[in-house]
Protein chains: 2
Amino acid sequence: MPTSSIPAPSDTPQPRASRIQRRNRKRILDAALEVFSQHGYRGATLDQIATEAGLSKPNILYYFAGKEDIHVTLLNDLMDTWLAPMRQIDPQGDPMNEILRYVQRKLEMSREFPRESRLFANEILQGAPRMGPHLQTGLKPLVDDTAALIETWIAQGRLARVDPRHLIFSIWATTQHYADFGAQVQVLMDGGDGLDGASAFLDTLYRRLLTP
Amino acid sequence: MPTSSIPAPSDTPQPRASRIQRRNRKRILDAALEVFSQHGYRGATLDQIATEAGLSKPNILYYFAGKEDIHVTLLNDLMDTWLAPMRQIDPQGDPMNEILRYVQRKLEMSREFPRESRLFANEILQGAPRMGPHLQTGLKPLVDDTAALIETWIAQGRLARVDPRHLIFSIWATTQHYADFGAQVQVLMDGGDGLDGASAFLDTLYRRLLTP
DNA sequence: TCGTATCTTTACCAATTGGTAAAAAGCCAG
DNA sequence: CTGGCTTTTTACCAATTGGTAAAGATACGA
């Protein structure tokens with residue numbers, strides 16, 4: 001996850017950010033992730049973020065141009081991490097294995113990065129007002145490629161015949177559900193997060209679906 | 001969907017709300033559904049709701065005690081509609097048929113009530129601050145019952161052996177995805193909502209999963 | 001048609017929120 | 001140890017937001 005902006009006029013190869021700058025920007029982004037993922041963009045306030053980060057509000061605005069800048073920075077920095085599991089699908093690998101491992105990696109993201117998952121969910125729920133371009137340029141090509149790959153596998157008879165795009169949607173939906181709807185899952189699972197059971201269930205689900 | 005509150009001191013059997021009252025409360029709730037589902041609770045403003053409803057802000061506060069009252073009323077009124085598909089599962093019916101029809105009914109809700117779906121999604125994403133009780137008293141018993149029913153069916157060998165609760169989660173996740181993440185789906189499906197394809201895909205998915 | 005109850009508007013708040021100006025305090029190379 | 005840079009604080013705004021008071025307009029039964 002690269003840090004960005006602030007001085008960034010063009011490309012001075014110097015160590016462009018001091019130790020303090022790196023530390024405080026990180027604190028702010030971490031606090032903002034917590035607050036934004038919990039309350040959404042408009043529900044979050046700079047004061048909350050400042051308190052969570054242990055800094056004053058004006059001090060935060062010394063490091064970021066504004067509330068929106070923080071939010072956009074978070075989204076940008078997260079994009080790579082978020083798409084990594086899909087990028088790791090190996091066209092040379094065994095199809096069933098690759099898909100099932102992709103499912104497990106996505107599920108693992110719900111365990112490790114629930115805040116990030118909710119941040120994205122919030123953004124998409126509201127129509128992706130600050131992420132439209134990113135979806136077009138970052139996500140769509142990757143999905144198109146992956147869908148094509150899956151279709152190849154299907155044509156070779158190595159996977160059952162299913163619509164690749166809906167397959168991908170269903171994987172996202174079922175795995176991210178445990179992070180995004182965690183509050184509901186907890187009520188219905190008597191406090192547990194359900195992730196362990198989900199791992200086995202989803203393995204069965206996709207194995208049965210995709211076995212030719 | 002029952003209307004509620006305003007006069008409601010106890011139980012006068014009179015026609016307690018005038019024509020104007022019913023009409024305006026309905027307008028307000030409809031406008032609020034639009035605005036809340038798009039921007040979340042804190043992101044929505046009374047002015048937006050007022051404009052959308054074609055009323056003045058103070059006039060809205062004549063019909064509802066406040067912003068929160070509108071939100072809670074929406075959530076309450078929606079709960080029945082939302083749980084109806086699960087209530088319609090027939091313990092006497094053919095298991096596979098009942099589950100597959102439940103999936104299709106849920107998918108139909110994403111088509112017909114996307115705003116309602118997003119309203120709930122927003123609420124759950126934020127930790128269900130105004131719905132915790134409802135989940136416990138309304139949703140949980142129904143899910144417990146349905147899970148028990150499915151387990152019976154499995155024990156009878158009429159469905160494949162899967163965890164009923166994770167099955168239910170996966171049905172919710174995959175069907176609601178098309179409403180809640182519609183913005184993303186649209187980008188990846190070149191403008192379509194994907195619902196027609198989803199119907200066939202999900203039928204295949206759950207048929208293969210549940211066939212003993 | 002008139003009076004009363006219902007409904008709507010106008011004119012306001014007080015609190016919150018994103019953001020700024022500028023002084024004060026740290027930090028650190030020479 | 002000092003002068004110039006970075007960082008932080010203090011003291012503010014202007015706009016927005018949820019909400020209220022009370023006057024004014026409307027509907028409607030008697």
Side-chain angles (χ1 to χ4, degrees), chain A residues 3 5-9 12 14-29 31-36 38-75 126 129-130, chain B residues 3 5-9 12 14-29 31-36 38-75 126 129-130:
Chain A
T3 41
S5 45
I6 228 192
T12 28
Q14 268 80 33
R16 40 156 59 73
S18 73
R19 217 173 313 116
I20 294 181
Q21 257 184 51
R22 272 193 300 275
R23 173 175 54 85
N24 281 354
R25 280 183 62 94
K26 198 169 187 176
R27 277 188 191 171
I28 293 168
L29 288 176
L33 175 60
E34 184 72 28
V35 177
F36 279 133
Q38 222 165 91
H39 305 286
Y41 179 74
R42 294 205 47 191
T45 71
L46 285 179
D47 285 295
Q48 281 176 285
I49 296 173
T51 301
E52 182 86 19
L55 298 172
S56 68
K57 183 169 63 174
N59 201 5
I60 279 187
L61 293 168
Y62 171 76
Y63 290 101
F64 288 90
K67 187 183 178 183
E68 177 138 12
D69 184 29
I70 302 177
H71 194 248
V72 169
T73 301
L74 267 182
L75 252 22
Q126 270 143 52
R130 278 166 273 276
Chain B
T3 40
S5 42
I6 228 190
T12 27
Q14 268 78 33
R16 42 156 55 76
S18 73
R19 219 173 311 115
I20 293 181
Q21 254 184 55
R22 273 193 301 274
R23 173 172 56 84
N24 281 352
R25 280 182 63 93
K26 198 169 189 178
R27 278 187 191 172
I28 293 168
L29 288 175
L33 175 59
E34 184 73 27
V35 176
F36 279 134
Q38 222 166 91
H39 304 287
Y41 180 74
R42 295 205 47 190
T45 71
L46 284 180
D47 287 294
Q48 281 177 285
I49 296 173
T51 301
E52 183 85 19
L55 299 172
S56 68
K57 184 169 62 175
N59 201 6
I60 280 187
L61 293 168
Y62 171 75
Y63 290 101
F64 288 91
K67 186 183 177 181
E68 178 137 12
D69 184 29
I70 301 177
H71 195 247
V72 169
T73 301
L74 268 182
L75 252 21
Q126 270 143 53
R130 277 165 273 276

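Reminder, nothing fancy here: chain letters follow the sequence lines and each chain counts from 1.
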Integer-rounded Å distance: dT6(C) P and Arg25(B) CZ:
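It works out to 15 Å between those atoms.
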What integer distance in Å separates Glu68(A):CD from dG19(C):C1'?
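One finds 14 Å between C1' of dG19(C) and CD of Glu68(A), rounded.
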With Glu34(A), which residues qualify under side chain to side chain donor-acceptor pair (under 3.5 Å), at least two apart?
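Glu34(A) satisfies side chain to side chain donor-acceptor pair (under 3.5 Å) with Gln38(A), Arg115(A) only.
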Under 3.5 Å donor-acceptor pairs involving side-chain atoms of residues 44-53 of chain B, not counting sequence neighbours:
{"from": "Thr45(B)", "atom 1": "OG1", "to": "Gln48(B)", "atom 2": "N", "distance (Å)": "3.0"}
{"from": "Thr45(B)", "atom 1": "OG1", "to": "Gln48(B)", "atom 2": "OE1", "distance (Å)": "3.3"}
{"from": "Gln48(B)", "atom 1": "OE1", "to": "Thr45(B)", "atom 2": "N", "distance (Å)": "3.0"}
{"from": "Gln48(B)", "atom 1": "NE2", "to": "His39(B)", "atom 2": "NE2", "distance (Å)": "3.3"}
{"from": "Thr51(B)", "atom 1": "OG1", "to": "Asp47(B)", "atom 2": "O", "distance (Å)": "3.0"}

Residues in salt bridge (Lys or Arg N to Asp or Glu O under 4.0 Å) with Arg23(B), at least two apart?
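Not a single residue meets the salt bridge (Lys or Arg N to Asp or Glu O under 4.0 Å) criterion with Arg23(B).
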Indicate the ring-plane relationship of Phe36(B) and His71(B), choosing parallel, tilted or perpendicular according to the 30° and 60° boundaries.
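It falls in the perpendicular class, over 60°.
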Are any of the side-chain heavy atoms of Lys67(A) and Ile70(A) separated by less than 4.5 Å?
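Heavy-atom side-chain distance check fails, nothing below 4.5 Å.
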When every nucleotide of nucleotides 7-18 of chain D is labelled 5' to 3' by its protein contacts under 4.0 Å (heavy atoms), B for base, S for sugar-phosphate only, - for none, what sequence of letters results?
BBBBB-----SB
